[in-house]
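Below: the structure, in structure tokens.
Letters go in sequence order (proteins before strands), and every chain restarts at 1.
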Protein chains: 2
Amino acid sequence: MQAKPPPSVTHHVPSPAARPGQGGTRRLPHAGCDGCLSRHLAVCAALPAAETHALEAAAGEVMLAAGATLAHEGAARREVYTVTRGMLRRVRLLPDGRRLVAGFLMPGDFIGFSGAPAYRHTIEAITESVLCVFPMQSMRRLCERYPELESGMLAQACAELDATRASLMLLARMGPSERLAGFLIDLAERQRLRGGTAHHVDLPMTRADIADHLGLTIETVSRSFTRLRQAGTIAFDDPRRIDLVDLPALRAAAGL
Amino acid sequence: MQAKPPPSVTHHVPSPAARPGQGGTRRLPHAGCDGCLSRHLAVCAALPAAETHALEAAAGEVMLAAGATLAHEGAARREVYTVTRGMLRRVRLLPDGRRLVAGFLMPGDFIGFSGAPAYRHTIEAITESVLCVFPMQSMRRLCERYPELESGMLAQACAELDATRASLMLLARMGPSERLAGFLIDLAERQRLRGGTAHHVDLPMTRADIADHLGLTIETVSRSFTRLRQAGTIAFDDPRRIDLVDLPALRAAAGL
DNA sequence: CGTCATGTTGAACTCTCTCAACTTATGTGG
DNA sequence: CCACATAAGTTGAGAGAGTTCAACATGACG
């Protein structure tokens, strides 16, 4: 694993045969916060409803087709985002082709916690997605004017730090099935908070995405799914939709 | 690696034969920010020097002997800290004995970025250490009064998030030597910012700490040191003090 | 209906982990 | 002051686990 000679990349490449909506990006004026389904989850929640007009004034909206790229690793950071609908992945690529999916983004998630002047990850839409856009400068002004907003951002940044540190344990010390179990539990919980049921998980991402997120190969991920299924912990016909049959067992499989 | 039956832990145990100053914790009134060597690195830097009296009034000081514990995973979070001197480790333990060292703390580092009401990690002093202590309530009041302070905290939280995400790549996709090389580079850079030379790294932590930080075993860590040494990339007599002989090669070994 | 992307499964290989021995340094107690 | 015990680090040989390579199955799409 020391600098692979031939980057055995079959699944990482940006797919020459373009995905559904490669580059399908549309920019719109902001539609308003009133009907926003993720307001209660997002940093915006730090502002009282009466003050959202200040946000709306600064915001725009982006719609991304599945497969489209929102931001490129290394590009100058000029905007921050809040996910409104859909799912995206945060990707980092090594010169030799190795790939890391640092995380999956869902409605309410904020993109822009970084001191770096350039994006540290490429952000790609997994499904059709919608995001609120704020020029960083506007966001800075808003923070100055509404300290509660900055408090909210700090709180969410801390939450993300907690979550990221939890991943460290997964990657450093857990076996394949444990990683997968932990991943499923995490996703299920996040989807539940967004209106999903507690007993299903939707996996719009591919096995390759999951593998690159858990530090495994697609084969090992697949085998781990099979193992959990054979144990009666999960069930599925569609590999993108998982039944959490035995949640306690799943938690146990995740190492508590 | 699926729930080890016998926790083959030989090196993790809190050492029955107590370390130098097990439990050696002393609390003192704050000595003042003027002479603080890490002020320029810490969140305190967000406040103008003229306002530090507000910090001093709220702060206390803790001195820890090597091996002493500052905070226990699961205990209620009532204080936050800034490291002033020494080095500490951030540890998480699994019921079966597996251990993760989520990070090493050095002067200027802040302890307390978390929304959780309980500590997520046990914090242990590796060397004799000194920290500034703030009751969380005082810190909240200070943040309300000095929004710059909260901005500074957000900035540092973001920096830590960036650093943690970088570790994800190490753990998920890098081989042993690459992880070690990356670790050495990271430590060297942090020590340089704190007055160290660019060509030495001090490793006050044990190989076990490094192993549990990089997701490896002590043997593999040791072998990776040997490999880097045989390649002429690093050199050392004392295993706790590493010469970075060929920095470009080290960077290359870390996968750029 | 063929093609392509995705997902699953099998077999061989590689690398890290495990187990074990040995070295050196440190501290204790006779 | 030196023998002994303990901890830390290094090194070797074997075993196990995940990866790699390869084949096959399935579903979407033109």
Side-chain angles (χ1 to χ4, degrees), chain A residues 1-20 22 66-67 97-98 126 171-180 203-212 214-230 236-242, chain B residues 1-20 22 66-67 97-98 126 171-180 203-212 214-230 236-242:
Chain A
M1 204 192 204
Q2 292 245 87
K4 312 175 178 175
S8 75
V9 196
T10 56
H11 50 279
H12 300 152
V13 282
S15 274
R19 274 295 156 302
Q22 192 73 346
R98 283 178 285 181
I126 294 173
L171 292 172
R173 285 292 177 233
M174 306 290 239
S177 295
E178 293 176 306
R179 298 188 198 187
L180 182 58
L203 302 177
M205 71 291 287
T206 66
R207 296 295 194 250
D209 288 333
I210 300 176
D212 288 336
L214 299 179
L216 302 167
T217 60
I218 49 179
E219 293 93 335
T220 302
V221 168
S222 189
R223 281 186 248 271
S224 302
F225 269 111
T226 304
R227 231 167 272 150
L228 287 177
R229 174 157 61 176
Q230 286 173 340
F236 60 93
D237 297 307
D238 179 353
R240 303 287 184 105
R241 182 166 183 78
I242 310 295
Chain B
M1 205 198 201
Q2 291 246 89
K4 312 177 178 176
S8 75
V9 196
T10 55
H11 49 280
H12 300 151
V13 282
S15 275
R19 274 294 158 302
Q22 192 74 347
R98 284 178 284 182
I126 294 174
L171 292 173
R173 286 290 177 233
M174 306 290 239
S177 295
E178 293 176 306
R179 298 187 199 188
L180 183 57
L203 303 176
M205 71 291 286
T206 66
R207 296 293 195 251
D209 288 333
I210 300 176
D212 288 336
L214 299 179
L216 303 167
T217 60
I218 50 178
E219 294 93 334
T220 302
V221 169
S222 189
R223 282 187 248 270
S224 302
F225 269 112
T226 304
R227 232 166 271 150
L228 288 177
R229 174 157 61 174
Q230 286 173 340
F236 61 93
D237 296 307
D238 178 353
R240 303 285 186 107
R241 183 166 183 79
I242 310 295

(request) Can you measure from CG (A:Leu216) to OG (A:Ser224) and round to the nearest 0.5 angstrom? (result) 6.5 Å
(request) Find out whether A:Val221 and A:Arg179 are in side-chain contact, i.e. whether some heavy atom of one side chain is under 4.5 Å from a heavy atom of the other. (result) no
(message) Tell me the interatomic distance from B:Leu216, atom CG, to C:dT18, atom P, rounded to whole angstroms.
(response) 11 Å
(message) Output the rounded distance in Å from CG (B:Asp237) to C1' (C:dT24).
(response) 13 Å
(request) Hey, could you give me the CG/CG distance between B:Asp209 and B:Leu214, rounded to the nearest 0.5 Å? (result) 10.5 Å
(request) Give the rounded distance in Å between these two atoms: CE of A:Met174 and C1' of D:dG18. (result) 17 Å
(request) Kindly compute the distance separating CG (B:Asp238) from CD1 (B:Ile242), expressed to the nearest 0.5 Å. (result) 7.5 Å
(request) Send over the distance from B:Met205 CE to D:dG9 C1', rounded to a whole Å. (result) 15 Å
(request) Determine whether A:Met174 and B:Arg98 make a side-chain contact, defined as any pair of heavy atoms from C-beta on separated by less than 4.5 Å. (result) yes
Under 3.5 Å, N/O pairs linking protein and nucleotides 10-14 of chain D:
{"unit_1": "D:dT10", "atom_1": "OP1", "unit_2": "B:Arg207", "atom_2": "NH2", "d": "3.2"}
{"unit_1": "D:dT10", "atom_1": "OP2", "unit_2": "B:Arg207", "atom_2": "NE", "d": "2.9"}
{"unit_1": "D:dT10", "atom_1": "OP2", "unit_2": "B:Ser222", "atom_2": "OG", "d": "2.9"}
{"unit_1": "D:dT10", "atom_1": "O5'", "unit_2": "B:Ser222", "atom_2": "OG", "d": "3.1"}
{"unit_1": "D:dT11", "atom_1": "OP2", "unit_2": "B:Thr226", "atom_2": "OG1", "d": "2.5"}
{"unit_1": "D:dG12", "atom_1": "N7", "unit_2": "B:Arg223", "atom_2": "NH1", "d": "2.9"}
{"unit_1": "D:dG12", "atom_1": "O6", "unit_2": "B:Arg223", "atom_2": "NH2", "d": "3.2"}

(request) To the nearest Å, give me how far apart CZ (B:Arg98) and P (C:dC17) are. (result) 13 Å
Are any protein N/O atoms closer than 3.5 Å to N/O atoms in nucleotides 26-28 of chain C? If there are, list each pair with its distance.
none

(request) Quickly work out the B:Leu180 CG to C:dT16 C1' distance and round it to whole Å. (result) 15 Å
(request) Calculate, to the nearest 0.5 Å, the distance between atoms CZ and CD1 belonging to B:Arg223 and B:Ile218 respectively. (result) 10.0 Å
(message) For the OG1 atom of B:Thr217 and the CZ atom of B:Arg207, what is their distance to the nearest 0.5 Å?
(response) 12.5 Å
(request) Figure out the CZ/C1' separation between A:Arg240 and D:dT26, and round it to whole Å. (result) 13 Å
(message) For B:Phe236 versus B:Arg229, what's the shortest heavy-atom pair and its separation?
(response) O-NH1, 2.8 Å
(request) Would you give the length of the straight line joining atom CD1 of A:Ile210 to atom OG1 of A:Thr220, rounded to the nearest 0.5 angstrom? (result) 13.0 Å
(message) What is the distance, to the nearest angstrom, from the CD1 atom on A:Ile210 to the P atom on C:dG7?
(response) 8 Å
